[in-house]
Every structure is written in structure tokens, then in C-alpha cells.
Amino acid sequence: EAQVTQNPRYLITVTGKKLTVTCSQNMNHEYMSWYRQDPGLGLRQIYYSMNVEVTDKGDVPEGYKVSRKEKRNFPLILESPSPNQTSLYFCASSKRAYNEQFFGPGTRLTVL
Amino acid sequence: GENVEQHPSTLSVQEGDSAVIKCTYSDSASNYFPWYKQELGKRPQLIIDIRSNVGEKKDQRIAVTLNKTAKHFSLHITETQPEDSAVYFCAATKSNFGNEKLTFGTGTRLTIIP
């Protein structure tokens with residue numbers, strides 16, 4: 001089954017404790033990206049990757065890191081989480097940005 | 001960079017009536033405009049998209065129109081049904097290799113009143 005998976009689905013953590021949210025796709029897509037969704041602000045792109053070892057900033061990259069060592073995986077790293085990073089995070093993959101984005105199920109992160 | 005504005009933020013329509021959601025974009029080089037639907041507690045899913053070489057696209061009860069001169073595009077839903085209740089997002093991007101940022105609007109919560 002073609003899908004995008006994210007883990008964990010829910011996470012409660014404390015300020016400053018490093019965390020990683022994993023994202024994996026099995027559709028051989030080149031383009032992967034991370035979004036955060038906040039009420040009234042819609043979906044905002046954090047980082048995107050057009051291929052292995054190629055990443056670029058989206059609209060809200062501050063406080064986040066990503067890596068793309070393999071085509072199927074695109075983890076999101078928060079080195080020192082802060083409460084303003086409490087949000088719903090979606091990973092997505094597609095052939096390119098101008099093709100249908102396939103979203104993962106979302107990760108709800110709470111930073112205390 | 002690209003800026004996408006979406007209006008209205010909330011919209012309520014009687015079942016059977018039409019709904020229209022509008023988006024404007026700032027980058028005249030943008031050439032791909034998708035619309036995503038997000039049901040409560042679910043992930044966004046593509047419902048329709050349009051590329052800059054056409055002015056209108058229809059798929060059953062939904063249609064999207066694009067005005068490149070005015071830099072705006074709209075989603076039209078006719079004969080609305082309860083299952084159309086959801087949050088709808090527009091987005092814009094351009095197919096220039098090396099810069100494929102995808103910018104979304106802030107969303108429209110559509111409620112269909114039975």
C-alpha cells in the first residue's frame with residue numbers, strides 16, 4: 001500500500017530535550033517536505049527536499065533541522081524544542097512540488 | 001517569496017447551495033495551484049489542481065478557475081452536501097528547478113447546513 005508514515009503520532013516533551021520525528025514514504029518520491037499546522041495560520045512549510053542530500057528552507061525553518069540521507073526517509077529534528085513549537089506536524093511526499101502531495105497522518109507535538 | 005491569501009476564513013452554506021473560496025498569490029511566476037481538503041482529524045488530501053496554462057478545470061461538483069492577470073484563483077463547489085464540510089486550503093508553487101517551495105493559504109472552514 002502506497003503511504004507516508006510518521007512516528008510518533010503524539011509526543012509530549014519538555015523544553016530543551018532534543019527530539020526527532022521520523023517520516024518515511026514507499027512511493028519512490030523525490031520531493032519530501034515538512035509542514036506545521038496551527039489554528040488560523042494554515043499549513044506552513046518548514047523544510048523541503050527535492051532529492052537525496054538536497055534540502056532547502058521553507059517559510060518557517062527556525063528551530064528545525066532536517067536530513068535526507070535516503071530517498072524514502074526525511075526526519076525532522078528539533079535540537080532544543082521550545083513551547084512555541086507546540087503544533088501539529090505533517091510530512092508529505094510527491095514526485096515534485098507541482099504534483100499531488102501525499103500527507104502522512106500527522107504528529108501532534110506538545111512542548112512544556 | 002510567495003504569499004498566498006485565502007478568503008473567507010469561515011463559510012456556512014445551506015445544503016444544495018454553492019460555495020466559493022478565493023485565493024490570491026503574489027509571485028507572477030507561480031504556475032501550479034492545488035486545492036486540498038482536510039476533514040476533521042484527518043490529513044489534507046488533494047481535491048483538484050490547476051496549472052497556469054488553463055483558465056478553468058472541473059471535476060464533477062468542484063471546479064477551479066484561474067485569473068493569471070489578477071493573480072487569483074477560486075474553488076467552486078456546487079450542490080453542496082454534508083460531506084463537503086471540512087477545511088479547504090489553496091496553495092501555489094512554481095516549477096522552476098532549484099526552487100520548489102510550496103506555499104499554502106490559511107484555510108477556509110466550510111460548514112454545510114442541512
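The shown structure was predicted, so the numbers you read here are calculated from the model rather than taken from an experiment. So that the names make sense, note that chain A is the first sequence line, chain B the second, and so on, each numbered from 1.
Neither the backbone nor the side chain of A:Asp38 comes within contact range of chain B, judged by heavy atoms closer than 4.5 Å. Heavy-atom distances place no part of A:Tyr47 under 4.5 Å from chain B, backbone and side chain included. Proximity to chain B (any heavy atom under 4.5 Å) is restricted, for A:Val4, to the backbone atoms N, CA, C and O. Of the two parts of B:Gln6, neither the backbone nor the side chain holds a non-hydrogen atom closer than 4.5 Å to a non-hydrogen atom of chain A. Residue contact with chain A, scored on non-hydrogen atoms closer than 4.5 Å, involves the side chain of B:Tyr32 exclusively. Within the 4.5 angstrom heavy-atom criterion, atoms from both the backbone and the side chain of A:Leu43 approach chain B. Heavy-atom distances place the side chain of A:Tyr35, and not its backbone, under 4.5 Å from chain B. Of the two parts of B:Thr93, only the side chain, counted from C-beta on, holds a non-hydrogen atom closer than 4.5 Å to a non-hydrogen atom of chain A. Neither the backbone nor the side chain of B:Arg109 comes within contact range of chain A; no heavy atom of the residue lies under 4.5 Å from a heavy atom of that chain. For a residue to count as touching a neighbouring chain, one of its non-hydrogen atoms must lie under 4.5 Å from one of that chain's; by this rule B:Pro34 does not touch chain A. Within the 4.5 angstrom heavy-atom criterion, atoms from both the backbone and the side chain of A:Phe103 approach chain B.
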- Task: Give the C-alpha distance, both sets of side-chain angles, the deciding distance and a yes or no for ring pair (Phe, Tyr, Trp, His ring centres under 6.0 Å) between B:Tyr36 and B:Tyr88.
- Result: CA-CA 6 Å; B:Tyr36 285 82; B:Tyr88 292 81; over 10 Å; no
- Before giving the answer on salt bridge (charged side-chain N to carboxylate O under 4.0 Å, His left out), spell out for B:Lys94 and B:Asp27 the whole-Å C-alpha distance, their side-chain angles and the decisive distance to 0.1 Å. CA-CA 9 Å; B:Lys94 53 192 173 187; B:Asp27 188 346; 2.7 Å; yes
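Judged purely by atom type and a 3.5 angstrom limit, B:Thr108 has no side-chain atom pairing as donor or acceptor with the backbone of B:Ile21. Of the possible donor and acceptor atoms, one in the side chain of A:Gln6 sits under 3.5 Å from a partner among the backbone N and O of A:Tyr89. Using modelled atom types, one side-chain atom of A:Gln45 and one backbone atom of B:Leu102 make a donor-acceptor pair closer than 3.5 Å.
Between A:Glu53 and A:Lys69 there is no salt bridge, since none of the side-chain N atoms of the basic residue sits less than 4.0 Å from a carboxylate O of the acidic one. By the 4.0 Å N-to-carboxylate-O rule, B:Asp59 lies too far from B:Lys57 to be salt-bridged with it. A salt bridge does not link B:Glu56 with B:Lys58: none of the charged nitrogens is closer than 4.0 Å to a carboxylate oxygen. A salt bridge between A:Lys65 and A:Glu79 is present, with a side-chain N of the basic residue lying under 4.0 Å from a carboxylate O of the acidic one.
Looking only at heavy-atom pairs under 4.5 Å with chain B, the residue among A:Pro105, A:Pro39, A:Gly106 that has the most is A:Pro105. The most heavy-atom pairs under 4.5 Å with chain B, out of A:Ser33, A:Gly104, A:Ala92, A:Gly40, come from A:Gly104.
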